[in-house]
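See structure below.
Chain identifiers are assigned alphabetically (A, B, ...) following the order of the sequence lines, protein sequences preceding nucleic acid strands; residue numbering begins at 1 within each chain. Worth knowing before you read on, the calculation uses all heavy atoms, side chains too, and leaves out hydrogens, waters and symmetry mates.
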Amino acid sequence: MSKLLSTFNKVSAPNTATVLLVGAEGTSKHKLAEAMLNIDTDFNLNMLTASSLPLPKDESDSRPPVNFVVFVIDLSNVLSMTIVESSVKYLDVDYFLGRCCFVVMKAEDPDNQNVEMMAVTGLSDVYQSPMLCGDVKTIRNCQCLARKLLSMVEIAGGFKFGVTPLLIDATRNTFNFEEEL
Amino acid sequence: MPLTENDQQKQQASKSGNGKKKTLVALRNAITYFTDARSSAKYRGNLNLHLALENIEQSSRSSGLTPPHILKLVKSITTGKWTEIVSSRLIRSLIPAAHVPHNAVVFAVSSLSAKNISDNMKCLFVRWMVLIYEYVDNKDTLHSLYGILFLFLDSDILCVHICRLLYLMTQRGDVKQYRVRKLLDIQSKVGVQPHIMALLSVYKLYSPNMVTVSSRIGNQSYFKQSDQKWAQIIHLVQEKNKRLNEDEDEAEDANEPSSRALDVHQPRKRRKLDVIPVLETIDRNERVPQSVKSLRKRMVPLEQIENFKQLLQNIDVVVLPNRIASILQSPHLYHVLTLFPDKTIAPRLSYWIHVSLYREIIAYPKSGENPKATALLQVITDFTDHLQESIPVCEWFLNQYLHTWNGLDYRIHILNLITRMPICSFEKMNDLLLEPLRKLYFCSGVYFKCLLLWCFTELLRNLMSVEVPRHRRAVAKQQETNIAESTILLNDTIFGQQTEQISTDNTIVEFINFVDNICVVGLQVEKNNALLMSYVLDFFHVTSGLYSRHGFKFLQLPSSPIVKRALYGNSAVFVSKINELLCRYSDEVNLMKESQAEYVDILKEKIPIMNNYVLCVCNALWQSKAFKNAKFQSTLSAIETYLPSSRRANASFSVLLHPALQMFVKKQQELNQTHSTPRTRELAILNSLKSHDLDGIYTFATTFVGRYARK
């Protein structure tokens, strides 16, 4: 139980959001974290990175509470997928109410994929968390992805007046509809 | 370092005519050695042979061989007199200076069936032909051997290279049913081989109706890169000669590459140049006897048509181009396509669009935008605009691409394509189209939100004015013929689409509800952004004409947060717009009331909401009791008792005090100090607002407010 990462077990610093990036080695999560830090925001942004969950035990209690978790999956890297699949289980259920998302890298190149896209969409459906595709190869694309993540962090952190992740989620229609693409 | 030495030799030769002559004489002597029947073919210890060989190799690698020399050497090799080593070295040095005479290639092809030449040599010849195909001076002659070359597919050794050669040579007229069958036979014998697939894919490109086997699209490397070194040498020699020629005659050389660039025989090469293939109609290989020709109807190939008038005169006798996609290059040619009765056009075009979209966008290896893809998307959008129907493969493409779209690449083009989507069940529409877009909507900036709303507005407009009527017609026709099937064939389309039996009304209602929802939340996220509000109201402007303009039997009102945000906001434009919108809706309700009783249920449900909105506007703007009916009445009265200055809260949204209208009101009051009664002041303000193009408020007042009602 203590291994679970939880949002509300610590008091957060005012006007501060902490984002945790989880992804295997070589998923360029540091580049993404840097891009996010380089964008101006109204709130203080802390970025943490981890190669897998659960996190080691926080003995000195120095770790801030995590507001938002981003799982990075590289479709050319099978390990990144298995790590995410095993790590998701260590998140508290609160995170799946709009406080976590999956970032998929190299989704545009079907010839070099070792992970099935369907597996990732399945994961995103099971955990009811959004999936974003993008890459960090060019500055333009990297910034585009970082901005998207930041706008989700802003809402999840409660910095948007009158908007919560659940409100956003309420606009979604769900049907059990499947058709082969 | 033989090459650099040769370069130096060459330079010296160009400086002194003598040196040049010397090398030429030496080359001529060397070639004479091989053409002379008396020369000894002995390889070991034959100094003359070795000297001649080296001479030919050197000069071919430095400056290439002239056409007569190539012809002579090929003739000599095909006699089968020389040993394998000599022959192979000779073939490898058949490097053209500028081009290869077609006769030489014909000789080489004829050697393929000769007995006195070993299989390895035959193989080498075919590989040579693949490499120099681009430089053959008269490709028609070579092309007439297509059928013969095709027979060599049976040979296991030659098969791969022959496939490659045929891949380069294939024209539309070559695609025959028996050839496809032959290829499939071979495939069933040896299994799925990339070279056979390559040839089949070219066949499918020209006539997808004949080749039903599904090839993996996007796999560009059918052939292994063999003979790279050889190809490189040929290329270098060509480049060098081109540069030398440029110095001598620039004008002549300028024609050379352009004619090559227009060469239509190489799908791979052309693909590098442009997305849309070059227009070419005449089957060059078609040899019709004169007697037959005169019997045929006079046909006009498209290239001969110079202007639109000619096109109109000849539209019934036009011959379609070899590659149907070349029609997309000019909007005038779209007419040919829509008028042509040929059923194979649609599959041919679909296949091409499918392959191109996949290759240029989905499987494009680099990140960022591909300029060719931009051009392609533009062409497809123009084309769908002309047809006023969506192309099924585009739908397929969007469904796949939107899933991984980052909202940035090809943004405008993708949104443009979305606006032309056909109608389908809402479940399908939601999962394949709206859900990915919704995700992007909420994590992108306000600009993207506006673009997306614009896109939804256009999509709704297109659905209502084009797609739904088409669907209705198809349903009516099916009911006439009494066919009970689950799918409906849309008859009046080029692409002959099939759709499921769906309730179009349901799709439209659900779609409007969906957009309404994301509008409300979007406005909250963006803190009432003016630009976003403008797009939201534009969307509902289109929705307000559902019954009167498009004959839908229902009414969709904007939800109350949207109305109130516009009404109590601080922009005069939106106050006016929401007034105007409510007037439009009331006209709509009145029309429905007048026409028939069948709308009673709808009206019963919607009229209270509508009345509520109207009352809300009246109270706020004209009755000075903005909060009289509000739920928090008790709180308000409590505030008023303790804070006397807030007594005017109820009047704070009247026309005279509304924050959004202050600018106009103050201006008007300065102009006309004399107006004393509120009534006259209000009238003056109304007229002033009308003169500022904010006539929504005026229209509303004359419609709903008793004292200003039109007499």
- Query: Heavy-atom distance under 4.5 Å between the side chains of B:Asp409 and A:Asn141, does that happen here?
  - Reply: yes
- Most chain B-contacting option - heavy-atom pairs closer than 4.5 Å, from A:Ser151, A:Gly134, A:Pro130: A:Ser151
- Please name the residue in the list A:Gln143, A:Lys148, A:Arg140, A:Arg147 that meets the side chain to side chain contact (heavy atoms under 4.5 Å, CB included) test with B:Leu408. A:Arg140
Would you say [atom1] of [X] has more than 12 non-hydrogen atoms from neighbouring residues, nucleotides or ligands within 6.0 angstrom?
{"X": "A:Glu25", "atom1": "CD", "value": "no"}
{"X": "A:Asp42", "atom1": "CG", "value": "no"}
{"X": "A:Ile139", "atom1": "CD1", "value": "no"}
{"X": "A:Asp94", "atom1": "CG", "value": "yes"}

What's the separation between atom [atom1] in [X] and atom [atom2] in [Y], rounded to the nearest 0.5 Å?
{"X": "B:Glu510", "Y": "A:Asn173", "atom1": "CD", "atom2": "CG", "value": "7.0 Å"}
{"X": "A:Cys101", "Y": "B:Lys439", "atom1": "SG", "atom2": "NZ", "value": "9.5 Å"}
{"X": "B:Asn513", "Y": "A:Thr171", "atom1": "CG", "atom2": "OG1", "value": "12.5 Å"}

- Message: I'd like to know which of B:Leu440, B:Val521, B:Asn430, B:Asn517 tops the heavy-atom pair count under 4.5 Å against chain A.
- Response: B:Asn430
- Message: Please rank B:Phe426, B:Tyr441, B:Tyr401 by heavy-atom pairs under 4.5 Å with chain A and give me the top one.
- Response: B:Phe426
Interchain contact, [X] with chain B, by part (heavy-atom threshold 4.5 Å):
{"X": "A:Met131", "answer": "both"}
{"X": "A:Asp135", "answer": "side chain"}
{"X": "A:Leu132", "answer": "side chain"}

- Item | Side-chain donor or acceptor of B:Arg438 paired with backbone N/O of A:Ile168 under 3.5 Å | yes
- Item | Taking every non-hydrogen atom, the tightest pair across A:Lys160 and B:Val525 | NZ-O, 3.2 Å
- Grab the two heavy atoms, one from B:Cys443 and one from A:Met152, that are nearest each other, plus how far apart they are. CB-CG, 3.9 Å
- Query: Where on B:Glu435 is there a heavy atom nearer than 4.5 Å to chain A: the side chain, the backbone, both, or neither?
  - Reply: side chain
- Message: Between B:Leu434 and chain A, with a heavy-atom cut-off of 4.5 Å, which part of the residue counts as in contact: side chain, backbone, both or neither?
- Response: neither
